[in-house]
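These numbers were taken from a predicted model, which means no experiment stands behind them. FYI, the numbering just counts along the sequence from 1.
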Amino acid sequence: MLHREGSASYQELNEDVEQGTENSASVEARKEEEENIGSIILPDGESGTSSPSVPFIKSCLKNVFAVILLFIYLLLMAVAVFLVYQTSVDFREKLKHPVMSVSYKEVSLYDAPGIAFYPGKAQLLSCKHHYYDQIPPLVNLGQPGEIECTTQKISYADPFTNQTMKYALIVQGPRDVRKRELVFLQFHLNETDQDFSAIDYLLFSSFQEFLSSPEKANFMKDCESSYSSWKFSGGFRTWVKMSLVKTKEEDGSETVEFKQETSVVNYIDKRPKPGSDQLFFVVFEWKDPLIQTVQDIVTANPWNMIALLCGIFLALFKAADFAKLSIKWMIKIRKRHLKRQSQAMNRIT
């Protein structure tokens with residue numbers, strides 16, 4: 001009897017404890033349902049203490065903001081693709097059309113140029129170096145005078161016909177541009193049978209290279225093929241002012257060209273018995289101490305283009321990643337909203 005009474009009381013105690021636990025669990029579940037219902041959109045008259053339109057407005061604003069950001073990043077992606085295309089087109093155009101760059105280098109002394117004269121039947125009477133444009137009055141016109149210039153005589157085959165021989169008189173040109181050094185020459189031509197008399201000449205870059213060349217005939221043939229030739233007439237004083245232009249080619253080689261300005265002054269023959277002979281006077285001087293260097297520069301820098309493309313592609317990847325995350329976030333927000341709406345409808349029904 002005692003054993004039965006004890007077991008009965010123990011069973012009643014267990015039932016009371018289980019009932020208390022179920023009651024507390026149901027209370028907690030009820031509280032959670034009330035909180036969920038309070039945060040869900042309910043019809044008019046069934047809402048809790050908080051306003052039901054606030055979470056709906058917030059979710060709508062978030063969705064609209066996400067869509068706007070998505071369109072902005074899509075627009076940025078389109079702009080980036082256009083920039084990639086335009087950059088590649090500009091790079092190809094710059095490679096095809098290099099820009100000419102001109103620079104000037106100031107010097108105090110030039111490398112003495114070579115002056116090659118082709119006098120024909122004319123004779124060199126005198127050659128002198130003067131400074132500061134001080135040319136003294138001429139004495140004994142038509143008579144041989146002092147030849148103070150360094151000269152060389154050479155004969156070589158015509159580089160264009162290769163059949164006739166050409167006679168050239170090579171004279172060392174001026175060097176000191178600060179002192180305005182000049183070279184003054186006069187020639188004499190007797191009994192000319194032409195209506196117009198002139199002497200051809202050409203300028204080449206270095207007289208020293210000509211002296212040190214083992215094949216001077218070939219050297220002059222190359223010079224005649226590379227440089228332009230000019231003329232000065234008899235009965236005048238021709239003043240030649242030279243300037244030097246160096247051109248750098250794409251293969252790294254360098255070519256030299258002379259530009260010149262000439263002024264011609266009439267010579268008044270004051271000899272007591274001027275004959276039928278012709279006198280030629282010519283002056284060579286440097287125009288200025290500046291050597292002009294011309295080279296083609298490709299303004300398209302491949303490293304700048306690579307850096308720009310890397311930045312554009314990085315922006316594209318970031319934009320694509322953001323767009324993917326925005327779509328996932330919009331889908332998640334939509335699913336959560338539908339879930340809460342279904343829960344609210346279940347509670348209402």
Side-chain angles (χ1 to χ4, degrees), residues 102-120 122 124 127-130 147-162 164-177 180-187 198-233 238-249 251-263 280-295:
V102 179
S103 60
Y104 294 90
K105 179 182 178 182
E106 186 174 357
V107 295
S108 58
L109 291 174
Y110 280 95
D111 188 8
I115 309 172
F117 294 97
Y118 301 94
L124 177 64
C127 178
K128 290 185 179 181
H129 290 261
H130 300 281
I147 299 178
E148 299 176 355
C149 305
T150 303
T151 61
Q152 288 278 329
K153 297 179 180 179
I154 187 173
S155 297
Y156 61 93
D158 193 329
F160 301 104
T161 62
N162 207 18
T164 59
M165 296 297 295
K166 300 188 70 172
Y167 163 71
L169 175 67
I170 315 298
V171 180
Q172 181 178 352
R175 295 185 67 249
D176 197 339
V177 66
R180 301 181 68 177
E181 178 186 0
L182 57 87
V183 178
F184 175 70
L185 303 97
Q186 59 172 319
F187 291 85
I199 295 177
D200 296 336
Y201 70 94
L202 66 83
L203 302 170
F204 56 90
S205 58
S206 176
F207 182 77
Q208 187 61 37
E209 286 185 9
F210 166 75
L211 291 180
S212 60
S213 176
E215 296 290 338
K216 293 182 174 58
N218 292 331
F219 182 87
M220 287 307 304
K221 289 173 68 174
D222 294 338
C223 287
E224 189 172 352
S225 302
S226 304
Y227 296 97
S228 301
S229 61
W230 294 275
K231 296 178 183 290
F232 63 97
S233 301
T238 304
W239 200 295
V240 180
K241 291 190 175 182
M242 306 173 294
S243 59
L244 195 62
V245 179
K246 294 183 178 180
T247 304
K248 293 183 178 180
E249 305 293 341
D251 57 356
S253 61
E254 187 176 81
T255 59
V256 179
E257 180 186 0
F258 284 90
K259 290 185 177 180
Q260 63 177 23
E261 296 180 1
T262 59
S263 58
F280 300 81
F281 305 95
V282 62
V283 180
F284 290 92
E285 180 188 5
W286 288 107
K287 179 182 176 183
D288 50 45
L290 301 175
I291 297 178
Q292 180 179 344
T293 303
V294 180
Q295 60 180 345

Q: Specify the closest pair of heavy atoms between L124 and Q186, including all atoms of both residues, with the distance to one decimal.
A: CD1-O, 3.6 Å

(Q) I'd like to check the ring pair (Phe, Tyr, Trp, His ring centres under 6.0 Å) partners of W286; sequence neighbours left out, ordered by chain and number. (A) Y110

Q: Quick one: pull up OG1 in T262 and NZ in K231 and give me the separation to the nearest 0.5 Å.
A: 14.0 Å

Q: Could I get the full list of salt bridge (charged side-chain N to carboxylate O under 4.0 Å, His left out) partners for E285, not counting sequence neighbours?
A: R180

Q: Of all the heavy-atom pairs spanning D176 and L109, show the shortest one and how long it is.
A: CA-CD2, 3.5 Å

Q.
On a heavy-atom basis, which atom in P113 and which in P174 lie closest, and how many Å separate them?
A. CD-O, 3.3 Å

Q: Answer yes or no: is there a side-chain heavy-atom contact under 4.5 Å between Y167 and P119?
A: yes

Q) Heavy atoms, side chains only, cut-off 4.5 Å: are L203 and Y227 in contact? A) no

Q: Check ring pair (Phe, Tyr, Trp, His ring centres under 6.0 Å) between F187 and all other residues, then give those that pass, not counting sequence neighbours.
A: F117

Q. Is there any side chain to side chain donor-acceptor pair (under 3.5 Å) pair reaching into residues 206-217, and which pairs are they, with sequence neighbours excluded?
A. D111-S206

Q: Determine, step by step, whether L182 and F284 satisfy the side chain to side chain contact (heavy atoms under 4.5 Å, CB included) criterion, reporting the C-alpha distance in whole Å, the side-chain angles of both residues, the deciding distance to 0.1 Å, and the verdict.
A: CA-CA 6 Å; L182 57 87; F284 290 92; over 6 Å; no

(Q) Can a donor-acceptor pair be found, under 3.5 Å and without considering hydrogens, that links the side chain of T238 to the backbone of V282? (A) no

(Q) Within the supplied structure, the quantity of interest is the number of heavy atoms (other residues, nucleotides, ligands) at a distance under 6.0 Å from K241 NZ; does it exceed 12? (A) no

(Q) I'd like to check the side-chain hydrogen bond (donor to acceptor under 3.5 Å, both in side chains) partners of Y118; sequence neighbours left out, ordered by chain and number. (A) Y156

Q | Sole residue of W230, F232, Y201 in side chain to side chain contact (heavy atoms under 4.5 Å, CB included) with V240 | A | Y201

Q) How long is the gap from CZ on F281 to CH2 on W239, to the nearest 0.5 Å? A) 13.5 Å

Q) Which distance, rounded to the nearest 0.5 Å, do you find between the CD1 of I115 and the SG of C127? A) 8.0 Å

Q. By side-chain hydrogen bond (donor to acceptor under 3.5 Å, both in side chains), which residues pair with E148, not counting sequence neighbours?
A. none

Q) Stepwise, does the side chain to side chain contact (heavy atoms under 4.5 Å, CB included) test hold for E224 with K166? A) CA-CA 11 Å; E224 189 172 352; K166 300 188 70 172; 2.5 Å; yes

Q | S103 and T293, any side-chain heavy atoms less than 4.5 Å apart | A | yes

(Q) Could you measure the distance from the CD1 atom of I170 to the NZ atom of K153? Nearest 0.5 Å is fine. (A) 12.0 Å

Q) Shortest non-hydrogen contact from A217 to I154? A) N-CD1, 3.5 Å

(Q) Is the shortest side-chain heavy-atom distance between C149 and Q172 below 4.5 Å? (A) no

Q. Nearest 0.5 Å, what's the OG-NZ distance between S226 and K221?
A. 12.5 Å

Q. So, for I199 and A122, which heavy atoms are closest and what is the spacing to 0.1 Å?
A. CD1-CB, 3.9 Å

Q: Check the angle between the aromatic planes of F219 and F204 and answer parallel, tilted or perpendicular using the 30° and 60° thresholds.
A: perpendicular

Q: Determine the minimum heavy-atom distance between S205 and V256, stating which atoms define it.
A: CB-CG1, 3.9 Å

Q: Drop me the distance from Q152's CD to L169's CG, to the nearest 0.5 angstrom.
A: 9.5 Å

